[in-house]
Amino acid sequence: MKYRFEHEFPCDRDTLMKIMFEKGVTEVLKPRMTHVQEAETLSWAEEPGRIVRKVRYMPVPKIHSVGPKKVEPRWMEWVEESRLDLARGTATYVNVPTTHKVAELLKNHGEIQFESAGPGRARRVFTGELKVLVFLLGAIAERVIHSYAAEIVNEEAAALARLIQERNAKA
């Protein structure tokens, strides 16, 4: 399943990239989000023209079973591995489930484009692909996961926009 999420923010493109990928921003945004119960930066490095990070997320459990099979909350935990190219205004990411068996069945990767949306406005466009490699139930699982991921991403965008607004007010 291919997907796209789009959000606008009250700042320019470079500011959006820098705040979204600044060291420790995950821990700042986490208390502002209700769909994520755990979030932590595992690694963060700034290289010439790029930022590379790994962030672990544990969402609030939403899927409790798939047919007769009980879904353990940890099966929904993942690590985002991303690379931001500051000059191009793009980031690539792979979301890797932390449970080995789930990681064999669920593949998720994509790109984030950062664009100008007019004076003092920026747009962030997530595009990607989600695959659940389970015969028959895979497509159903993809739709359920996509729906909940949209809730999480929308909430993160709102929290990020509030953080930017707060920083703009202080400037």
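Numbers here simply count residues along the sequence, with the first being 1. The structure presented is a predicted model; accordingly, all values stated were derived computationally and were not measured.
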Here the pair of heavy atoms bringing Pro10 nearest to Ala161 is CG-O, 4.1 Å
Who are the side chain to side chain donor-acceptor pair (under 3.5 Å) partners of Trp78, not counting sequence neighbours? Asn95
Residues that Ala39 engages under side-chain contact (heavy atoms from CB on, under 4.5 Å), provided they are two or more places apart: Thr26, Lys30, Val36, Tyr57
Flag the pair Arg121 and Glu115 as a salt bridge only when some basic side-chain nitrogen lies within less than 4.0 angstrom of an acidic carboxylate oxygen. no
Do the side chains of Glu27 and Arg56 get close enough for a salt bridge, i.e. N-O under 4.0 angstrom? no
Flag yes if more than 12 heavy atoms outside Lys54 fall under 6.0 Å of its NZ atom; otherwise flag no. no
Do the non-hydrogen side-chain atoms of Val71 and Met76 ever get within less than 4.5 Å of each other? yes
So, Phe126 versus Tyr93, ring centres under 6.0 angstrom or not? yes
Cation-pi check, Arg124 to Phe9: give yes when NZ or CZ is under 6.0 Å from the six-membered ring centre and within 45° of the ring axis, no otherwise. no
Give the C-alpha distance, both sets of side-chain angles, the deciding distance and a yes or no for side chain to side chain contact (heavy atoms under 4.5 Å, CB included) between Leu16 and Asp12. CA-CA 6 Å; Leu16 175 58; Asp12 63 71; over 6 Å; no
Could you tell me which residues satisfy ring-ring contact (aromatic ring centres under 6.0 Å, His included) with His146, sequence neighbours excluded, listed by chain and number? Phe5
Connected via hydrophobic side-chain network under 4.5 Å: Met1 and Val153: no
